[in-house]
Visitor: 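Once you've had a glance at the structure underneath, I'll fire off some questions.
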2 protein chains.
Amino acid sequence: MTLTGMLSFVEENYLKAIYHLSNSGEESVTTNALAEEMQTTPASVSDMIRKLSKKEVVNYKKYQGVNVSEEGKLIALRVIRKHRLWEVFLVEKLEFNWDEVHDVAEQLEHIKSPLLIQRLDEFLGFPQYDPHGDPIPDENGQFTESKREPLSQTQIGITGVVVAVEDSGTAFLKYLDKVGISIGTKITVEDIIEFDGSMDITIDQKKSITVSQTVADNIWLA
Amino acid sequence: MTLTGMLSFVEENYLKAIYHLSNSGEESVTTNALAEEMQTTPASVSDMIRKLSKKEVVNYKKYQGVNVSEEGKLIALRVIRKHRLWEVFLVEKLEFNWDEVHDVAEQLEHIKSPLLIQRLDEFLGFPQYDPHGDPIPDENGQFTESKREPLSQTQIGITGVVVAVEDSGTAFLKYLDKVGISIGTKITVEDIIEFDGSMDITIDQKKSITVSQTVADNIWLA
DNA sequence: GATAGTGTTTAGATATATCTAAAAAAAATA
DNA sequence: TATTTTTTTTAGATATATCTAAACACTATC
């Protein structure tokens with residue numbers, strides 16, 4: 001009953017991971033990196049890549065790494081579109097916290113119904129960003145890539161607005177809630193500790209805290 | 001990663017089919033009937049039943065048919081609950097027609113997130129019936145089974161209100177739209193043709209039409 | 001440029017869900 | 001009751017997605 005070109009859940013997840021790791025489809029992704037990302041073994045990754053390559057959704061030469069083909073990129077972006085639209089739905093309509101949406105959206109993103117996504121988009125008022133600040137691509141995979149940089153690459157004295165944060169882990173988002181950082185928060189870099197890359201920052205011109213480099217890597221400013 | 005007792009999509013679908021075919025878990029379901037319902041072979045059904053039996057969600061003795069256990073009934077009813085809540089969402093919020101919701105709900109019913117269903121229920125205002133008039137069980141599988149009978153078993157002269165219709169097929173629901181029958185429609189039985197069981201009925205005391213026995217079997221009145 | 005080490009792929013195995021074909025059990029019929 | 005027919009189950013195969021262990025290919029070093 002599987003339609004031609006129809007990918008399984010697992011295949012869609014691999015494609016999404018390849019897209020993400022390759023920095024939006026440009027760089028080549030190694031087998032080990034993918035295995036780490038997918039929480040599986042390099043052997044399984046090799047098998048799956050061969051399969052995706054046969055379906056022509058990835059470009060692949062043995063031992064040379066892999067990245068998404070044009071067709072694969074569009075498929076990945078459509079899955080990402082669905083993921084982010086569902087996240088908006090969960091937060092805006094069902095009052096989920098931003099740290100509760102990821103796992104549910106990981107399931108909902110695989111529902112196959114173009115009409116559903118079209119109507120959901122409409123119902124939500126055609127949102128441009130998800131609750132973590134990531135842009136929502138349109139049906140054709142187009143989105144406006146706003147220029148933004150990680151907090152960790154900002155200089156002392158610079159003030160920026162948080163436009164996005166990494167959305168994968170609950171723990172990180174709970175931490176941001178605790179210290180009072182969300183999309184739109186104004187952050188000023190007061191000092192950078194060279195030893196470990198941690199930063200002293202001021203939040204909304206009021207509260208001062210120190211954040212680790214790991215944290216600073218996962219907050220984007222504009 | 002599969003949690004203990006966690007059923008796959010396919011297993012959930014079998015359980016649901018067994019529950020439906022057994023008249024809400026009372027009668028015994030034959031292998032052939034299940035194969036027909038699941039659009040597969042008796043051999044596949046046998047295999048799956050053995051598996052479900054090992055997981056103790058169905059009661060099964062070889063050659064004696066199968067039905068859901070207490071635990072299996074609750075699982076089936078929770079899947080049905082999800083299916084019907086999603087149908088309400090699609091019709092009420094995303095403006096789907098009642099003949100467009102079934103296939104999408106078949107996918108959405110397998111999403112695993114108790115919080116999602118709790119919030120969805122709340123968001124929809126705790127609906128008691130789905131768009132086809134079927135009752136929505138609560139978290140514990142409880143629902144008020146209203147007394148209703150198929151139009152085909154009604155007598156001449158009787159007037160009833162449509163409280164439910166069979167929801168599985170698009171063609172049937174499109175037909176009901178065409179002739180002007182929906183939930184709440186008043187139907188009066190004018191005549192019953194003994195030869196083929198077809199019926200002359202009046203719709204909302206205005207329009208008169210003739211419906212086949214098959215159609216009459218799939219409309220419930222109260 | 002040979003070699004040690006790391007990264008990657010293949011070979012072979014397991015579990016799920018399905019199938020066809022054959023065997024076994026139950027039901028229907030003579 | 002014996003036999004035929006139908007239903008159901010088992011046996012053996014296929015496809016997906018995974019694994020471990022072994023082989024292979026690149027890279028870095030001496």
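Chain naming here is simple, since letters A, B, ... match the order of the sequence lines and numbering starts at 1 in each.
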Visitor: Starting from P on C:dT10, measure out to CE on A:Met48 and report it in whole angstrom.
Guide: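 Distance, rounded to whole Å: 15 Å.
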
Visitor: Scan residues 73-83 of chain A for pairs that pass side chain to side chain donor-acceptor pair (under 3.5 Å), counting only residues two or more places apart or in two chains.
Guide: A:Arg78-A:Glu139, A:Arg81-A:Asp121, A:His83-A:Glu87, A:His83-A:Glu109

Visitor: Using a 4.0 Å heavy-atom cut-off, does B:Phe9 contact any base of the nucleic acid, only the sugar-phosphate backbone, or nothing at all?
Guide: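 It contacts nothing in the nucleic acid.
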
Visitor: Under 30°, 30 to 60°, or over 60°: which ring-plane class applies to A:Trp86 and B:Phe89, parallel, tilted or perpendicular?
Guide: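 Tilted, since the angle between the ring planes falls between 30° and 60°.
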
Visitor: Within the structure, does a side-chain N or O atom of B:Thr40 lie under 4.0 Å from either OP1 or OP2 of C:dC19?
Guide: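 True: B:Thr40 side-chain N/O within range (under 4.0 Å) of C:dC19 OP1/OP2.
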
Visitor: Looking at A:Asp47 and A:Arg50, is any side-chain nitrogen of the basic one under 4.0 Å from a carboxylate oxygen of the acidic one?
Guide: yes

Visitor: Return the value, rounded to whole Å, for the distance between atom OH of B:Tyr14 and atom P of C:dT16.
Guide: 15 Å

Visitor: Answer whether the closest heavy-atom distance between the side chains of B:Thr40 and B:Tyr14 falls below 4.5 Å.
Guide: yes

Visitor: So, using side chain to side chain donor-acceptor pair (under 3.5 Å) as the criterion, who are the partners of B:Glu27 when residues are at least two apart?
Guide: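 If we apply the side chain to side chain donor-acceptor pair (under 3.5 Å) test to B:Glu27, skipping adjacent residues, the hits are B:Asn23.
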
Visitor: Please give, in whole Å, the distance from C:dT16 P to B:Glu12 CD?
Guide: 16 Å

Visitor: Specify the separation, in whole Å, of atom CG of A:Leu34 and atom P of D:dT18.
Guide: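 Spelled out: CG on A:Leu34 to P on D:dT18 is 12 Å.
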
Visitor: May I have the distance from B:Met38 (atom CE) to C:dC19 (atom P), rounded to whole angstrom?
Guide: 10 Å

Visitor: Could you state the CG-P distance from B:Asp47 to D:dT14, rounded to the nearest angstrom?
Guide: 16 Å

Visitor: Would you call B:Asp103 and A:Lys112 a salt bridge, using N to O less than 4.0 angstrom?
Guide: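 Answer for the salt bridge query: no.
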
Visitor: Rounded to the nearest Å, what distance is computed from the CG atom of residue B:Asn13 to the C1' atom of nucleotide C:dT18?
Guide: 15 Å

Visitor: Output the rounded distance in Å from CG (A:Leu7) to P (D:dT16).
Guide: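 In whole Å, D:dT16 P and A:Leu7 CG are 12 Å from each other.
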
Visitor: Which parts of nucleotides 4-9 of chain C does protein reach within less than 4.0 Å, heavy atoms only, written one letter per nucleotide 5' to 3' as B for base, S for sugar-phosphate only and - for none?
Guide: ---BBB

